Amino acid sequence: MKVEIFKTSSEASKKALELFKLALSEGDKVFGLATGSTPEELYALMSESADIDFSEATSINLDEYYGLDQSHPQSYHAYMKHHLFNQKPFKASYLPDGSNEDAEAEVKRYDELLKENPIDLQLLGLGSNGHIGFNEPGSSFDSTTRLVALADSTIQANKRFFDSEEDVPKQAYSMGMQSIMAADKIILMAFGEGKAWAVNEMINGEISPDVPATILQNHDNVTILIDEAAASKLNN
Ligand code: F6R
């Protein structure tokens, strides 16, 4: 793992932008993308950047809330359009379909898409409980796409985006751990003191499904971009 600590999230996001530009210049074509607060600054930088062009690239997102239609303002489809796709369209963009109630069919469709589009560069955020994608603590390292129950701490963390806690979906479709680990390169960003425990576990903790991000210790091309607050509990 390559760990880079920046004074601010803005500096870390600038570094992530440079790594995406490098990947594009080296011919990477499939980008795994994340949602949430963490990549917002990166997506804003990409949106403004004249020399970023995704029109020949494919994006494939980590997850989507179950039960939310694409047009729902808090769906990850809507998030991606607002923060990136409207400004920087990809040749093709895939997210799980949260409105598909047939979980078996949806999971199969997404795993086939992942097979057809092996990910060159995967962007990840980090849950304060150590989740990656919506692979909550206890998720098997062998997991592929599936319908998952969101941890209570995730529902609490994400209620800020909804009118009330009751409105937060309790389930989501998520890419599995195996699919994340299959990416050629991974960039994980984490900002703020709320992530400090998970950051330290991810880097220094024992590899265990109890803290899903610890599996990244086994990947041979991971760059961790964190701010000083997220680095504040690093114990060596
Ligand atoms: C989002 C995702 C999640 C988030 C994580 C951090 O697509 O997969 O793992 O990256 O919950 O969320 P934020 O960035 O809002 O703190």
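Since this is a predicted model, take the numbers as computed values, not measurements. Note that ligands are numbered from 1 as they come in the structure, with each ligand's atoms numbered from 1 the same way.
A side chain to side chain contact (heavy atoms under 4.5 Å, CB included) with Met1 is found for one member of Leu188, Ile203, Ile186, Asp220 and no other, namely Ile203.
In this structure the side chain of Val148 never reaches within 4.5 angstrom of the side chain of Ser139, judged on heavy atoms. Residues Leu19 and Leu121 fail the side-chain proximity criterion, which asks for heavy atoms closer than 4.5 Å. A heavy-atom distance below 4.5 Å is not found between the side chains of Thr35 and Tyr65.
In this structure, atom 5 (C) of ligand 1 lies nearest to the protein heavy atom His131 NE2, 3.4 Å. Scanning the protein heavy atoms around atom 6 (C) of ligand 1, the nearest turns out to be Leu126 O, 3.5 Å. Looking only at protein heavy atoms, the nearest one to atom 1 (C) of ligand 1 is Thr35 OG1, 3.2 Å. The protein atom (non-hydrogen) at minimum distance from atom 14 (O) of ligand 1 is Thr38 OG1, 2.4 Å.
The N/O atoms of Lys195, backbone and side chain alike, include one that comes under 3.5 Å of an N/O atom in ligand 1. Remark: ligand 1 and Leu124 share no N or O pair separated by less than 3.5 Å (distance only, no angle test).
Residue Ser37 approaches ligand 1 through these ligand atoms, each under 4.0 Å from one of its heavy atoms: 13 (P), 14 (O), 15 (O). Taking every non-hydrogen atom of Arg160 and a distance limit under 4.0 Å, the qualifying atoms of ligand 1 come out as 15 (O). Annotation for ligand 1: atoms under 4.0 Å from non-hydrogen atoms of Gly125 are 10 (O). If you number the atoms of ligand 1 from 1 as listed, the ones under 4.0 Å from a heavy atom of Gly36 come out as 14 (O), 15 (O).
Electrostatic pairing of Asp97 and Arg109 does not count as a salt bridge here, judged by no charged N lying under 4.0 Å from a carboxylate O.
More than 12 heavy atoms of other residues, nucleotides or ligands lie within 6.0 Å of NZ in Lys21, so this atom counts as buried by the packing criterion.
At a heavy-atom cutoff of 4.0 Å, ligand 1 is contacted by no atom of Met175, backbone or side chain. Counting heavy atoms closer than 4.0 Å to ligand 1, residue Asp63 contributes side-chain atoms (C-beta onward) but none from N, CA, C or O. No part of Thr154 comes within 4.0 Å of ligand 1, judged by heavy-atom distances. Counting heavy atoms closer than 4.0 Å to ligand 1, residue Leu62 contributes side-chain atoms (C-beta onward) but none from N, CA, C or O.
Residues that satisfy the side chain to side chain donor-acceptor pair (under 3.5 Å) test with Glu165, not counting sequence neighbours, are Gln156. Applying the salt bridge (charged side-chain N to carboxylate O under 4.0 Å, His left out) rule to Lys29 yields no partners; only residues at least two apart in sequence or on another chain are considered.
Asp184 and Asp120 make their closest contact through CB-O, 3.1 Å (heavy atoms, listed as atom of the first residue, atom of the second, distance).
In this structure, the side chain of Tyr94 does not engage the main chain of Asn117 through any donor-acceptor pair within 3.5 Å.
Here atom 9 (O) of ligand 1 lies nearest to Gly133 when heavy atoms of Ser128, Gly133, Gly194, Ser153 are compared.
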